[in-house]
Amino acid sequence: MREYRIEFTIQHREDDEEDFTEIGFGSSGACSDLDSCTYSITSAVTNGEWETERDHPDPDEVMQAIQQARYAEGNADA
């Protein structure tokens, strides 16, 4: 049976930076189809469940920063 896997990196860039910096990475694992791979990745990223290196920020910190930015954007319209 054929299997698929999607590997990904997560990168970010601060407003004053020119280049993106890797902050995490992961894989869908072995799946029987691409839809399953996509579901696996979506779940991992949405829940902050990716791998990091020693110099990468903790996924919880990244998710918190995203939530704070969303909150600030939502309140800017008010």
Side-chain atoms of residues 55-69: list all donor-acceptor pairs with protein atoms under 3.5 Å, sequence neighbours left out, distances to 0.1 Å.
from: His56; atom 1: ND1; to: Ile23; atom 2: O; distance (Å): 3.3
from: His56; atom 1: ND1; to: Glu53; atom 2: N; distance (Å): 2.9
from: His56; atom 1: NE2; to: Glu22; atom 2: O; distance (Å): 3.3
from: Asp58; atom 1: OD2; to: Asp60; atom 2: N; distance (Å): 2.8

| field | Spatial distance of atom OG (Ser36) from atom CD1 (Ile41) [nearest 0.5 Å] | value | 11.0 Å
| query | Hey, what do you get for CD1 (Ile6) to SG (Cys31), rounding to the nearest 0.5 Å? | reply | 8.0 Å
Would you mind writing out the side-chain donor-acceptor pairs for residues 42-49 within the sub-3.5 Å range, not counting sequence neighbours?
from: Thr42; atom 1: OG1; to: Thr38; atom 2: O; distance (Å): 2.9
from: Ser43; atom 1: OG; to: Asn47; atom 2: ND2; distance (Å): 3.4
from: Thr46; atom 1: OG1; to: Thr42; atom 2: O; distance (Å): 2.7
from: Asn47; atom 1: ND2; to: Ser43; atom 2: O; distance (Å): 2.8

| request: Give, for atom CD1 of Ile10 and atom CZ of Phe20, the distance between the pair rounded to the nearest 0.5 Å. | output: 13.0 Å
| note | Here the pair of heavy atoms bringing Ser28 nearest to Cys37 is OG-SG, 3.4 Å
| message | Let me confirm one number: the OG-OH distance from Ser32 to Tyr4, rounded to the nearest 0.5 Å. | response | 9.0 Å
| task | Provide the closest heavy-atom pair for Asp33 versus Asp35 in the form atom of the first, atom of the second, distance. | result | OD1-N, 3.1 Å
| task | Evaluate side chain to side chain contact (heavy atoms under 4.5 Å, CB included) for Trp50 paired with Thr52, printing each intermediate quantity in order. | result | CA-CA 7 Å; Trp50 57 79; Thr52 62; 3.9 Å; yes
| task | Count the heavy atoms of every other residue, nucleotide or ligand shown that sit under 6.0 Å from CG of Asp15, and state whether that count exceeds 12. | result | no
| salt bridge (Lys or Arg N to Asp or Glu O under 4.0 Å) partners of residues 2-13, not counting sequence neighbours, each pair once | Arg5-Glu7
| query | Crowded around Tyr39 OH? As in, over 12 foreign heavy atoms under 6.0 Å? | reply | no
